[in-house]
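Just so we're on the same page: letters track the sequence lines, and every chain starts at 1.
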Amino acid sequence: MEKAAVSIKDMLKKDQILSAGHRMCAGCAAPTIVKLMGMALRGPTIVCENTGCLEVATTIYPYTAWEIPWIHVAFENAAAVASGVVEAMDVMREKGRSEDEHVDVIAIGGDGSSFDIGFGAISGMLERGHDIVYMVYDNGAYQNTGIQRSGATLPGQETTTSWAGKVEPGKRQRKKPLAEIVAAHKIPYVATVDPYHYRDFIKKFRKALEVEGPAFIHAFSPCPRGWRSQTGKSIELSKLAVETGIHPLFEVIDGEEWIMSSPSKNLKELKPLDEYWATQGQFRHLKDPKWDDFKKQIRDQVSHDWELLRKRCGLE
Amino acid sequence: MPERVMFTMGDIACAEGALSAGCKYFGGYPITPATEIAEWMSIRMPEVGGAYVQYEDEIASITSVIGASWTGAKSMTATSGPGVSLMLEAIGLAVMTETPLVLVNIMRGGPSTGQPTKGQQGDVMQPKWGSHGDYQIIALTPASVQEMFDQTVQAFNLSEKYRTPVFVLADETVGHMRERLVIPAKKDLKLEYRKLASGPPEDYLPFKPGDDLVPPMALLGSKYQFYATGLTHDERGYPSDKEHVQIELITRLNNKIIHNADKIIDVEEFMLDDAKIGVIAYGTPSRSAKKAIKDARDEGIKVGMLRFKTVWPFPEEQVARLASQVDHIIVAEQNLGQMYYMVKAEAAPTPVHLMAKPAGMPQLPNEILDKVREINSL
């Protein structure tokens, strides 16, 4: 089995799974996330991917940026297709028709296809216990169709179906706590990651591959086009999301053991959300004092969630 | 509202048509190339006191529309082929429960994800045959920004009148093209609203039809007690496994459309008076055909067009009449041939020639002109 490449030196030596020349937008974090995922791989791997920005822009005809076997499915069913792949690979191996001792199967979806339309397929995969790593790259909206709100869109975020204006401050609903919901399926491994904390990312992804049964990785993925943020700031934004409690880093083992990861654990306190909002045009309207009460609600919610998470992780 | 003029895209004209028709509920989900309808509705619905709600997928959007319609709100959703594929079960449910609703399909290249940003007319059979069981459907095919508005209004009127789901089938080119749109003053629009239940509640039979085969509708929350179900049901609405109940119900559901087909079907006849070659087209290819026909006329070729503004119910009589007049029929559609087979069956023995183009760019005027010349030389 290949080792995970965690140090920069090893990373440079490891084969990249996504080649240069893909058509992702400038500053998009998703290709970085895929490359980090590649650093964790341990051998033959198959990727099943939902429709989304990453799928479209890495495979524009007649090219593909993928260096490993990859299949595009419909919008909602990477988890189900991956289940079929796992089952069939097992049969092939039993019959002695597969040369590989083991093949890792990874399913990838954006937040639209994971939080919303493909949610049922993920839940089914988890319940069946298929040995798959499902990774969501969460850029907070349906960016591929032009920035519509999703179940992952944050409160206060403006999208083209959750407008900010005189009467509305962008999306009002809270973000679906997907990692927690997945953990409630009592699967072996759930982790949240971001591309700034790359060692943490790679180690967690490797753990996800190594556990027997389903594992889930929730990757935070800044989107300069949709968020109206600077293209050079995506990695910094990932760090800031961790520091402000927008995307805390943690692991959940067997749905029961909650572990706060070092970057989050080492925070003395959360940075103010205003710092995060100030980096993105999609939150610009929140500067208006008329949303002060609304902002307070969001701050309270984030800090409440943070305290709850700390408690779960035994950090009181 | 007085008359308004806009320079806008077909998707937005569709949304405005819905609003003018009195649509108060939009259940949506993003999908290229129909997303602009949802986006526009998310802005406009709150302005007219209606609701725009985005769902987690297309199955939820259309079923929410069924729920909303039963409260009495004129309701709709908009999507593209992959979304319609997910909605097919609910279309059958809407047919069976006789729920008025409008479903807009801005057609893109398929099957599957296909070519999301390119237009096609590959989904014209889907409304009719996509859901399971025997049913009739109404599907309109606009060819301009103005018609996106007009036919969306018409779609609401038909859905209300016949208590049935109605499709607006527009190819992506029509959905995304920008043209002048005149939104008539409200007083100049003729709007229909479903026939509502009346009389003493104890006598009410929710699925007992009137002479037009359409039962008056009781709304959720009204004084009428009723039961709506996707199961085969009798006039009381109660499920039944009796043979005669199934036969009576599905015959009536089909007949309420078939018997009114002449009132529903809308076509445009273009330069057909003395035509010896008839072009049949709908949506964007019909616009290329118009230019081709004018050019062919300049060359002395007697050609005209029968343009479908309704593809379901299928304009059988109009096609038969055309077939009896012309020597040849050309069907130009942006697919591998779908309406072609319907036309062929109806037009026999008049020869029908298919001009298929299953790609994003519709047939160009000169391509249709070449075909007309070729047929003329036979």
* **Side-chain H-bond candidate by donor/acceptor type, A:T160 with B:E39, under 3.5 Å** => yes
* Are A:E158 and A:R284 within salt-bridge range, i.e. N to O under 4.0 Å? -> no
* Non-hydrogen atoms of chain B under 4.5 Å away: do they reach the side chain of A:F119, the backbone, both or neither? -> neither
* Check whether the side chains of A:S229 and A:Q282 place a donor and an acceptor atom closer than 3.5 Å, and report yes or no. => no
* Asked: Can a salt bridge be assigned to the pair A:K296 and A:D293 using a cut-off of 4.0 Å between side-chain N and carboxylate O?
  -> no
* For B:I31, is it the side chain, the backbone, both or neither that has a heavy atom under 4.5 Å from a heavy atom of chain A? -> backbone
* What residue, out of A:V167, A:D116, A:T145, A:T161, has the most heavy-atom pairs lying under 4.5 Å from chain B? -> A:T161
* Structure fact -> Closest non-hydrogen contact found for A:C48 with A:V105 is SG-CG1, 4.4 Å
* Residue A:E168 versus chain B: region with a heavy atom under 4.5 Å -> neither
* Structure fact -> Heaviest contributor of heavy-atom pairs below 4.5 Å to chain A, chosen from B:W40, B:Y55, B:Y29, is B:Y29
* Please look at A:T51 and chain B and tell me whether the side chain, the backbone, both or neither of the residue comes under 4.5 angstrom of a heavy atom of that chain. => side chain
* **chain A contact via B:T35 - which portion, at a heavy-atom distance below 4.5 Å** => side chain
* Side chain to side chain, A:D305 and A:R174, heavy atoms closer than 4.5 Å -> yes
